[in-house]
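Everything on this sheet refers to the single structure shown next.
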Amino acid sequence: MSELLLSGKGMVLVLISLLALVIYWQVFDLMQRLFLIKGQDMTEILQCQLRGHQLSGWVKVLPLLGLLGTVGGLFDSFNGLASGDQQTLTTGIAEALLTTQLGLTTALPALILLMLCQRRCERRTLEETCTDTQ
């Protein structure tokens, strides 16, 4: 496992992990603004909504990075299979499975949290619109 993380192919795992950390930090900041801070005006709500849309774009990159790692791992596996090297074969399969799992398990909860944030933005927008018309 440690040789996988230190290899050139392991950079996909590191990239997924770092991107996921940045995304989750931003999502939790957005959730704090939307759910804990009261008295926001329409401009702040729209900024939160725009930030949520940008973050959802970044979240969609996570499974694609997992797929990239999967392709790289399978490529190594086939090279190991062709040369008869069991170690390269098993390391490639491990990399393929690990990057797929990491890409999906980081993206799915982030998408759910962002959907909650976008729903809250829509609700706040409707509340603000209703209070403006009264």
Side-chain angles (χ1 to χ4, degrees):
M1 179 66 108
S2 62
E3 61 270 352
L4 177 63
L5 291 175
L6 296 175
S7 70
K9 301 283 186 179
M11 292 307 295
V12 174
L13 291 171
V14 172
L15 187 59
I16 292 171
S17 300
L18 288 176
L19 184 59
L21 284 173
V22 169
I23 287 170
Y24 277 101
W25 177 60
Q26 293 290 322
V27 167
F28 287 129
D29 184 56
L30 182 63
M31 289 182 76
Q32 180 181 356
R33 289 175 183 261
L34 288 171
F35 290 94
L36 298 178
I37 299 174
K38 302 291 182 191
Q40 293 176 322
D41 63 354
M42 193 62 168
T43 304
E44 292 172 354
I45 295 169
L46 290 176
Q47 286 176 345
C48 286
Q49 197 169 17
L50 177 64
R51 190 171 170 197
H53 286 297
Q54 290 170 341
L55 284 171
S56 68
W58 282 107
V59 168
K60 292 172 187 171
V61 171
L62 290 171
L64 294 175
L65 286 172
L67 181 62
L68 178 65
T70 302
V71 170
L74 290 176
F75 184 75
D76 289 347
S77 295
F78 286 123
N79 281 339
L81 188 62
S83 67
D85 184 15
Q86 287 294 98
Q87 181 65 30
T88 304
L89 177 66
T90 56
T91 303
I93 291 172
E95 179 184 345
L97 292 174
L98 190 59
T99 55
T100 303
Q101 182 182 20
L102 188 62
L104 291 174
T105 57
T106 54
L108 289 174
L111 277 174
I112 291 169
L113 292 173
L114 281 171
M115 287 175 18
L116 288 172
C117 289
Q118 289 172 348
R119 176 80 176 161
R120 181 67 172 203
C121 284
E122 291 171 7
R123 180 176 288 159
R124 287 264 177 106
T125 303
L126 288 174
E127 288 173 358
E128 195 68 30
T129 305
C130 289
T131 55
D132 285 346
T133 57
Q134 293 177 355

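- Residues R124 and C48 have side chains not in contact (no heavy-atom distance under 4.5 Å, counting atoms from C-beta outward).
- Once rounded to the nearest 0.5 Å, the distance linking OG of S56 with CE of M115 reads 11.0 Å.
- The side chain to side chain contact (heavy atoms under 4.5 Å, CB included) check on V71 picks up nothing, with sequence neighbours excluded.
- Taken to the nearest 0.5 Å, the CD atom of Q118 stands 9.5 Å off from the CG atom of L55.
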Please output the side-chain donor-acceptor pairs of residues 15-31 that fall under 3.5 Å, not counting sequence neighbours, one pair per line with the distance.
residue: S17; atom: OG; partner: L13; partner atom: O; Å: 2.9
residue: Y24; atom: OH; partner: T106; partner atom: O; Å: 2.7
residue: Y24; atom: OH; partner: A110; partner atom: N; Å: 3.1
residue: Q26; atom: OE1; partner: R51; partner atom: NE; Å: 3.3
residue: Q26; atom: OE1; partner: R51; partner atom: NH2; Å: 2.5
residue: D29; atom: OD2; partner: R33; partner atom: NE; Å: 3.4
residue: D29; atom: OD2; partner: R51; partner atom: NH1; Å: 2.9
residue: D29; atom: OD2; partner: R51; partner atom: NH2; Å: 2.8

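- Under the side chain to side chain contact (heavy atoms under 4.5 Å, CB included) criterion, S83 pairs with D85, not counting sequence neighbours.
- The side chain to side chain contact (heavy atoms under 4.5 Å, CB included) test applied to Q49 returns L46, H53, C121, E122, T125, not counting sequence neighbours.
- Going from atom CG of L89 over to atom CG of L74 covers 10.0 Å, rounded to the nearest 0.5 Å.
- Cluster membership check: V61 shares its hydrophobic cluster with L102, using side-chain heavy-atom separations under 4.5 Å among Ile, Leu, Val, Met, Phe, Trp and Tyr.
- The side chain to side chain contact (heavy atoms under 4.5 Å, CB included) test applied to L104 returns P63, T100, not counting sequence neighbours.
- Around the CZ atom of F35, the shell of radius 6.0 Å holds more than 12 heavy atoms that belong to other residues, nucleotides or ligands.
- L67 and L111 fall into different hydrophobic clusters, where Ile, Leu, Val, Met, Phe, Trp and Tyr are joined by side-chain heavy atoms under 4.5 Å apart, directly or via other members.
- Residues that satisfy the salt bridge (charged side-chain N to carboxylate O under 4.0 Å, His left out) test with R120, not counting sequence neighbours, are absent from this structure.
- Rounded to the nearest 0.5 Å, atoms OG1 (T70) and CD (Q101) are 11.0 Å apart.
- Note: the hydrophobic cluster containing L68 also contains W58 (ILVMFWY, side chain heavy atoms under 4.5 Å, direct or indirect links).
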